[in-house]
Amino acid sequence: MKKWKVALIGCGSIADNTYLPRIGEIPEADLVAVCDIIPERAKNYAEKFHVPAWYTSIDELLEKCDFEILMNTTSIPAHHEINMKALRAGKHLYSQKPVGLTVEEVTEQIEAAKAAGVKYTASPIHMLRDDIRFAKKLIADGCIGEIMKVHTNVCHGGPEYFQYRTADPTWFHRPGSGAAVRHGRPRPYHDHGHPWSREGCGLHGQNLRACPHGKNRYL
């Protein structure tokens, strides 16, 4: 059985409570390095998860570490630059959402992945969950009839709600970040695109028309 050498960049809360523990449970994965622009964070994660090496930049990681797959769990504004550097270096890539802030950035990444001949995917992967796949089958089989409308409501308090208090969360509230970056300005408390584009269109198909509405409850 081949073991793939995996490196993770972005040692934040989601890496701590989700990605790093789960990578260790995958028999085919060998976590060889972690990386973060905060040296103490990278060092602490390497020690906590028994990772043999840690680095402080994507450039250093690519130069000094022998790995095959990069998992990008950095903050939103950093995704495109890091993803492009990894793809151009011939690394397989799994990136947190959104992979880019514009159609042009995402297209550039797709083309870079094709040119390098590598696998390229992004979170969330919920459409692959057993319960979602079962729901999709029920709809396809006509078990619940014709769907006329789907309504969802989801919100969260931004990174300061769940992130380390030692980290500055203000990046999430600036243009180019937030839960609805596709609207051109941050709307940090209502993550409309999150369930709609994934489960909504994934379950019902591309003919679904999404009409997002939102407001900032606290500012």
Side-chain angles (χ1 to χ4, degrees), residues 3-26 28-101 105 109 118-126 156-181 186 188-189 191 194:
K3 290 189 68 94
W4 295 85
K5 297 178 181 179
V6 180
L8 179 141
I9 185 169
C11 296
S13 58
I14 195 170
D16 183 25
N17 60 40
T18 301
Y19 284 92
L20 290 172
R22 299 300 179 268
I23 294 173
E25 298 174 357
I26 301 174
E28 298 89 350
D30 180 17
L31 186 60
V32 298
V34 292
C35 180
D36 197 275
I37 58 174
I38 302 175
E40 294 80 8
R41 185 78 59 76
K43 181 176 182 294
N44 290 341
Y45 274 41
E47 294 174 352
K48 179 177 180 179
F49 294 98
H50 309 290
V51 183
W54 58 272
Y55 304 94
T56 58
S57 72
I58 181 62
D59 296 323
E60 183 185 21
L61 177 66
L62 291 170
E63 177 185 355
K64 298 181 179 180
C65 183
D66 177 23
F67 68 98
E68 299 161 290
I69 301 173
L70 179 68
M71 305 196 74
N72 184 358
T73 58
T74 61
S75 57
I76 294 171
H79 287 177
H80 179 61
E81 178 183 0
I82 290 173
N83 288 350
M84 285 301 300
K85 287 184 176 182
L87 292 169
R88 286 171 174 165
K91 307 300 181 182
H92 301 291
L93 174 66
Y94 178 98
S95 175
Q96 258 292 322
K97 63 184 186 299
V99 296
L101 299 179
E105 286 185 354
Q109 292 178 42
V118 296
K119 301 293 185 182
Y120 165 57
T121 189
S123 73
I125 46 76
H126 294 279
H156 63 75
E160 70 274 20
Y161 180 73
F162 52 82
Q163 200 173 48
Y164 302 103
R165 294 303 184 269
T166 56
D168 180 4
T170 57
W171 63 268
F172 191 77
H173 303 272
R174 297 171 183 158
S177 295
V181 295
Y189 299 104
D191 197 349
H194 195 284

*Please step through side-chain contact (heavy atoms from CB on, under 4.5 Å) for the pair D30 and F67, ending with a clear verdict.*
CA-CA 9 Å; D30 180 17; F67 68 98; over 6 Å; no
*Show your working on side-chain contact (heavy atoms from CB on, under 4.5 Å) between H79 and T74 and close with a plain yes or no.*
CA-CA 7 Å; H79 287 177; T74 61; 3.2 Å; yes
_Test side-chain contact (heavy atoms from CB on, under 4.5 Å) applied to R22 and E25, step by step_ = CA-CA 5 Å; R22 299 300 179 268; E25 298 174 357; 3.7 Å; yes
*Please step through side-chain contact (heavy atoms from CB on, under 4.5 Å) for the pair F49 and I23, ending with a clear verdict.*
CA-CA 10 Å; F49 294 98; I23 294 173; over 6 Å; no
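Residue Q96 holds its CD atom at 9.0 Å from CD1 of I76, rounded to the nearest 0.5 Å. Here M84 contributes atom CE and L93 contributes atom CG; the two are 10.5 Å apart, rounded to the nearest 0.5 Å. To the nearest 0.5 Å, the span separating CG on L61 from NZ on K85 amounts to 11.0 Å. For the atom pair CG of L31 and CE of M71, the computed distance is 9.5 Å after rounding to the nearest 0.5 Å. Separating the CG atom in L70 from the OH atom in Y94 is a distance of 12.5 Å, to the nearest 0.5 Å. Separation of atoms OG (S75) and CD1 (I82) is listed at 7.5 Å; rounding is to 0.5 Å.
Evaluation of the side chain to side chain contact (heavy atoms under 4.5 Å, CB included) rule for T18 yields I14 as partners, not counting sequence neighbours. In this view, E60 and Y55, T56, S57, K64 satisfy the side chain to side chain contact (heavy atoms under 4.5 Å, CB included) rule, not counting sequence neighbours.
In plain terms, the two heavy atoms of S123 and Y19 that are nearest each other are CB-OH, 3.8 Å. For Y45 against V51, the heavy-atom pair with the smallest separation is O-CG2, 4.4 Å. When all heavy atoms are compared, the tightest approach of T73 to A15 is OG1-CB, 3.8 Å. Closest heavy-atom contact between P39 and W54: O-CZ3, 3.8 Å.
Side-chain contact check for N83 versus E105: every heavy-atom pair is 4.5 Å or farther apart. A heavy-atom distance below 4.5 Å is not found between the side chains of I69 and K119.
Under a 3.5 Å cut-off, the side chain of H92 and the backbone N or O of E68 do not form any donor-acceptor pair.
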Do any side-chain atoms of residues 3-11 form donor-acceptor pairs under 3.5 angstrom with protein atoms, and if so which ones, sequence neighbours left out?
residue, atom, partner, partner atom, Å
K3, NZ, P27, O, 2.9
K5, NZ, D66, OD2, 2.8

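The number of heavy atoms from other shown groups lying within 6.0 Å of CD1 (I37) does not exceed 12.
Looking only at atom types and distance, the side chain of H80 has a donor-acceptor partner in the side chain of Q109 under 3.5 Å away.
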